[in-house]
Amino acid sequence: QLQFAESGGGLVQPGGSLKLSCAASGFNLGGYKVGWFRQVPGKSREGVSCISESGGWTSYSDSAGGRFTISRDNRKKIVYLQMDNLQPEDTAVYYCARDPLQRDVHGMCSLTHPENDLEYWGKGTLVAVPS
């Protein structure tokens, strides 16, 4: 079965850190760009960070830049998101997905409706940062 499975979320105090993992199964992860997205109830899903097939190119949202780091291990078939200095506004469900097309990483992360354009979304992992 082709799918992603996100893990690593939890409750963390402001200023704390979490490392999310996105494990792929059923396909060759190294052949695809992968992105992390997040969603708060009542709001659209937004791009957080995206990474190219080899990991050489990355893109970050304005809110994530300087605090989050995306990386990937194609041999282990996992994409990571290291999140530091977490703030209450980072509270959301975090998802990963792959791009079936040849968009660049910035284009992938800037999609207005990523849930319609990207594929194999996992069930997400909740990150909660209390105010």
Side-chain angles (χ1 to χ4, degrees):
Q1 185 176 0
L2 285 69
Q3 63 182 9
F4 283 112
E6 303 92 343
S7 61
L11 176 66
V12 61
Q13 294 301 310
S17 298
L18 284 174
K19 187 172 185 177
L20 306 184
S21 296
C22 168
S25 59
F27 65 95
N28 175 24
L29 181 68
Y32 297 90
K33 296 180 180 67
V34 176
W36 281 98
F37 297 78
R38 67 187 184 187
Q39 189 167 22
V40 175
K43 293 189 176 182
S44 301
R45 194 166 296 188
E46 63 176 7
V48 176
S49 185
C50 297
I51 189 167
S52 63
E53 293 86 339
S54 66
W57 296 92
T58 58
S59 177
Y60 295 92
S61 66
D62 289 341
S63 63
R67 298 188 300 128
F68 296 0
T69 304
I70 192 170
S71 61
R72 65 191 295 163
D73 186 330
N74 288 336
R75 185 174 59 85
K76 294 182 178 179
K77 302 178 73 173
I78 300 177
V79 177
Y80 303 98
L81 186 67
Q82 175 68 44
M83 304 188 296
D84 298 318
N85 191 22
L86 283 161
Q87 300 299 317
E89 52 266 33
D90 296 315
T91 295
V93 178
Y94 285 71
Y95 302 88
C96 58
R98 77 177 193 185
D99 192 348
L101 301 179
Q102 295 302 313
R103 276 176 278 256
D104 59 40
V105 288
H106 179 71
M108 180 184 179
C109 261
S110 301
L111 290 168
T112 304
H113 300 289
E115 59 270 33
N116 295 337
D117 297 311
L118 306 180
E119 57 185 15
Y120 302 135
W121 295 92
K123 295 181 179 179
T125 186
L126 176 63
V127 172
V129 187
S131 56

Heavy atoms, side chains only, cut-off 4.5 Å: are [X] and [Y] in contact?
| X | Y | value |
| --- | --- | --- |
| W121 | P114 | yes |
| L111 | R103 | yes |
| Q1 | S25 | no |
| L118 | M108 | yes |
| W36 | F68 | no |
| F4 | L29 | yes |
| L11 | P130 | yes |
| C96 | V79 | no |

To the closest 0.5 Å, what do you measure between [atom1] ([X]) and [atom2] ([Y])?
| X | Y | atom1 | atom2 | result |
| --- | --- | --- | --- | --- |
| C22 | R72 | SG | CZ | 9.0 Å |
| Q39 | S44 | CD | OG | 7.5 Å |
| H106 | W57 | NE2 | CH2 | 13.0 Å |
| C109 | K33 | SG | NZ | 11.5 Å |
| K76 | N74 | NZ | CG | 12.5 Å |
| I78 | D73 | CD1 | CG | 7.0 Å |

- Message: So which atom in Y32 and which in D99 form the shortest heavy-atom distance, rounded to 0.1 Å?
- Response: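 So the minimum-distance heavy-atom pair works out to CD2-O, 3.5 Å.
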
- Item | Least distance between heavy atoms, V40 atom then A92 atom |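 Result for this residue pair: CG2-CB, 3.8 Å.
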
Assigning hydrophobic clusters by single linkage (Ile, Leu, Val, Met, Phe, Trp, Tyr; side-chain heavy-atom cutoff under 4.5 Å), is [X] placed with [Y]?
| X | Y | answer |
| --- | --- | --- |
| Y120 | Y94 | yes |
| L81 | Y95 | no |
| Y80 | V48 | no |
| F37 | V105 | no |

Show the atom names and distances, to 0.1 Å, of all donor-acceptor pairs under 3.5 Å that link a side chain in residues 58-67 to residues at least two apart or in another chain.
unit_1: Y60; atom_1: OH; unit_2: I70; atom_2: N; d: 2.9
unit_1: S61; atom_1: OG; unit_2: S63; atom_2: OG; d: 3.2
unit_1: S61; atom_1: OG; unit_2: A64; atom_2: N; d: 3.2
unit_1: S63; atom_1: OG; unit_2: R38; atom_2: NH2; d: 3.3
unit_1: R67; atom_1: NE; unit_2: S63; atom_2: O; d: 3.2
unit_1: R67; atom_1: NH1; unit_2: N85; atom_2: O; d: 2.9
unit_1: R67; atom_1: NH1; unit_2: D90; atom_2: OD2; d: 2.7
unit_1: R67; atom_1: NH2; unit_2: S63; atom_2: O; d: 2.8
unit_1: R67; atom_1: NH2; unit_2: D90; atom_2: OD1; d: 2.9
unit_1: R67; atom_1: NH2; unit_2: D90; atom_2: OD2; d: 3.4

Flag, side chain of [X] to backbone of [Y], donor-acceptor distance under 3.5 Å:
| X | Y | value |
| --- | --- | --- |
| Q82 | T69 | no |
| Q87 | P14 | no |
| T91 | P88 | yes |

- Partner set under salt bridge (Lys or Arg N to Asp or Glu O under 4.0 Å) for R98, not counting sequence neighbours: E119

- Message: How about CD on E89, more than 12 heavy atoms from neighbouring residues, nucleotides or ligands closer than 6.0 Å, or not?
- Response: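 Yes, because the 6.0 Å sphere around CD of E89 holds more than 12 heavy atoms from other groups.
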
